[in-house]
Structure formats: structure tokens, C-alpha cells
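What follows is a single structure, written as C-alpha cells, with notes after it.
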Amino acid sequence: SSDVCSSDLTKEAIDSIRNELILNENNKYYIPFHGVSGATVCSKLYEDQPERYLHIYYRLADGNRERTYLGDEIQSLENEIQEAILDSDIPKRGKPKQFSGRYSVLFNLEFREVETKTTIKGEQVVKKVKKLCGYSRKQDVIAEELKYMGFFTIVSSQKMTASEALYTYLTRNCAERVFQDEKSGLGFYSYRVHTQEALYAKTHVVFLSEIVKNDIYQKTRSLYKKNRKFYTIPAIIEQLEKIRAIREKSNVYRMLEPLT
């Protein structure tokens with residue numbers, strides 16, 4: 001099974017071979033056709049579990065992409081924090097912005113109490129709200145995240161090489177992703193049939209639907225990259241269902257509601 005491990009024991013296992021995978025002298029750990037360096041160590045994931053075979057991989061391209069994403073994320077959050085500090089009217093607008101989640105993970109945030117007056121049923125009420133007044137980056141947390149970027153792990157109970165584990169995972173993962181997609185997007189999580197013939201028919205329809213769905217995705221991928229909220233497969237199918245056409249006496253079809 002694949003696992004994005006965050007336990008201390010797993011990090012220790014990665015640290016034990018981290019530099020060797022990154023340097024990869026003489027392509028000792030290189031796995032052809034996948035563009036990764038990989039090695040296997042026998043380690044416990046947690047203290048109360050038996051030892052497993054932990055297959056550790058490093059891909060330089062993934063590391064660069066993840067570092068770029070983290071840098072953009074930090075800059076975006078920092079801009080929002082700076083705007084909140086400079087904006088002295090935040091308490092007057094009602095409930096101030098809640099800086100939790102990744103804000104508190106990546107930054108040390110400093111608050112001060114500010115009094116704000118509000119009118120409730122004709123009476124003025126003084127409330128104290130917290131306003132952001134300062135911040136600093138958590139360099140140790142950021143460094144820790146950067147340290148493991150580009151790495152991923154696969155855990156197996158059977159003994160095998162890193163190359164064998166990766167091949168097994170990728171071949172099974174394709175089938176698992178298709179099956180998951182069919183269950184979540186095509187309603188294949190329940191059969192709702194009573195005969196073997198009906199089950200075969202539904203499976204065939206779902207299989208054809210998956211082909212059509214994938215074809216729509218491939219042809220609209222450029223649009224999806226522009227707007228991931230609007231150009232989704234369900235949204236596109238909903239628009240296609242609006243198409244209406246009539247056949248005139250001359251056997252010519254005319255669009256009543258074409259796509260806009």
C-alpha cells in the first residue's frame with residue numbers, strides 16, 4: 001500500500017538514506033523509465049507495529065515543483081497577513097479574519113486586543129476583538145517541509161526491491177483510480193440490479209461512460225487549467241444536455257439551443 005508517512009520513525013528511515021538518493025552517485029539507485037531514485041529499508045512505521053519494507057523514492061522534478069508551490073503559498077499568505085496588519089478598519093467590519101490552518105503552521109502570529117463599538121437593539125456595546133499586529137516566519141517548520149520535498153514512500157509487507165514495489169504500485173494504482181472514479185463519478189458504488197445480465201449491461205455502460213468522460217476531459221483539459229471550478233466534467237455534461245435540435249421538413253437539422 002502507498003503511504004505518505006509523517007511519523008518520526010519514517011522520517012528517520014528517510015534521513016538514513018536521504019543524501020544518497022539525492023546525490024545518486026553512479027546511478028546506483030536510479031530506476032529506469034520512472035525517473036526516480038529509490039531504495040528499500042526495513043523499518044517500523046510506528047512503535048506498536050511490526051517492521052515493514054519501506055521503499056523510499058526521490059524525484060528531482062517533483063521536489064522543484066513542490067518547493068516552488070510552497071514558496072508561492074508562503075508569499076500569498078504573507079501578503080494577506082501584511083494587508084490585515086495595515087488595515088486598521090478590520091475590527092469595524094464585524095468578525096475579523098481568522099488566521100488559522102496554514103497561517104498558524106507557517107507563521108508566528110501576534111495579536112492585540114482592540115475595542116470596537118457595535119449597536120445592538122439601540123444600545124452601544126463595546127466588544128474586544130483580536131487584531132493581527134505582527135508576524136514572523138517559522139523558519140524551522142519551513143525548513144522541515146523543504147527537507148522532505150521530492151520524496152514519497154511505498155510500504156509493503158512482502159520483501160521486494162524498490163523497483164518492484166514501484167512497478168506493482170503503479171500497475172495497481174491505475175485500476176484503483178479508474179474504479180474509484182467510476183464509484184464517485186458514475187454511480188458504480190451500488191449495482192441496483194437483480195440479474196446477471198443486467199449487471200453485465202450496467203458494467204458495459206459504465207465502461208463506455210468512462211471512455212466518453214476521459215475523452216471529454218482530454219479535449220477540455222486546456223479549459224480546465226484556466227478555470228478548475230467552472231470547467232469540470234459534470235459542468236460540461238450539464239451544458240451538453242442543454243443542446244436542443246429539431247428536424248425541419250427538408251430533413252435539415254436546426255439548433256434551437258446551441259452551446260454558447
Side-chain angles (χ1 to χ4, degrees), residues 1-43 45 52-79 101-102 105-107 137-156 160-181 184 213-229 231-233:
S1 62
S2 86
D3 198 350
V4 181
C5 299
S6 59
S7 69
D8 292 337
L9 292 175
T10 304
K11 289 182 177 180
E12 289 177 9
I14 295 177
D15 290 340
S16 67
I17 201 168
R18 178 176 178 275
N19 292 335
E20 294 182 46
L21 288 179
I22 294 176
L23 296 175
N24 192 27
E25 294 182 359
N26 300 322
N27 284 336
K28 179 180 178 181
Y29 300 102
Y30 183 71
I31 301 176
F33 307 112
H34 298 295
V36 301
S37 301
T40 301
V41 296
C42 191
S43 173
L45 302 182
R52 302 288 185 182
Y53 293 97
L54 183 62
H55 311 282
I56 305 168
Y57 305 91
Y58 175 75
R59 183 182 280 120
L60 178 61
D62 288 350
N64 291 336
R65 183 174 62 253
E66 291 168 6
R67 281 186 283 272
T68 300
Y69 177 82
L70 179 62
D72 293 341
E73 180 188 22
I74 292 173
Q75 190 59 56
S76 176
L77 297 180
E78 193 167 19
N79 290 340
R102 291 290 284 174
V105 171
L106 297 173
F107 298 93
R137 293 185 181 185
K138 292 183 179 179
Q139 299 295 352
D140 55 337
V141 174
I142 296 173
E144 184 74 5
E145 290 196 12
L146 289 171
K147 184 178 179 181
Y148 297 103
M149 287 185 172
F151 286 90
F152 64 96
T153 61
I154 297 175
V155 181
S156 67
M160 61 181 71
T161 65
S163 179
E164 292 171 340
L166 183 60
Y167 176 79
T168 302
Y169 169 73
L170 292 176
T171 52
R172 292 181 180 178
N173 188 50
C174 293
E176 290 176 1
R177 290 180 65 180
V178 170
F179 186 56
Q180 179 64 34
D181 189 50
S184 60
K213 182 180 178 183
N214 183 66
D215 186 58
I216 293 175
Y217 172 74
Q218 294 296 334
K219 291 181 178 179
T220 59
R221 187 164 53 179
S222 59
L223 296 174
Y224 180 72
K225 291 180 179 179
K226 293 180 181 179
N227 190 328
R228 296 192 175 189
K229 292 184 178 180
Y231 294 107
T232 61
I233 299 297

If you measure from [atom1] on [X] to [atom2] on [Y], what distance do you get to the nearest 0.5 Å?
X      : Y      : atom1 : atom2 : value
Leu60  : Met149 : CG    : CE    : 14.0 Å
Tyr167 : Ile154 : OH    : CD1   : 13.5 Å
Glu164 : Ile31  : CD    : CD1   : 10.5 Å
Ile142 : Gln139 : CD1   : CD    : 5.0 Å
Leu21  : Ile14  : CG    : CD1   : 9.5 Å
Ser156 : Leu166 : OG    : CG    : 12.0 Å

Return the set of residues passing side chain to side chain donor-acceptor pair (under 3.5 Å) with Tyr53 (not counting sequence neighbours), or none when no residue passes.
none
Can you tell if the side chain of [X] reaches within under 4.5 Å of the side chain of [Y], non-hydrogen atoms only?
X      : Y      : result
Thr220 : Tyr231 : no
Tyr69  : Arg65  : no
Met160 : His55  : yes
Val105 : Glu145 : yes

How close do [X] and [Y] get, heavy atom to heavy atom, and via which atoms?
X      : Y      : answer
Ala165 : Tyr57  : CB-OH, 3.5 Å
Gly38  : Ala162 : C-CB, 3.8 Å
Thr161 : Thr40  : C-OG1, 3.7 Å

Over 60° means perpendicular and under 30° means parallel, so tell me whether Tyr58 and Phe151 are parallel, tilted or perpendicular.
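Correct class here is tilted.
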Check Arg18 with Asp15, please: is the shortest side-chain N to carboxylate O separation under 4.0 Å?
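Not counted as a salt bridge, because no side-chain N and carboxylate O are separated by less than 4.0 Å.
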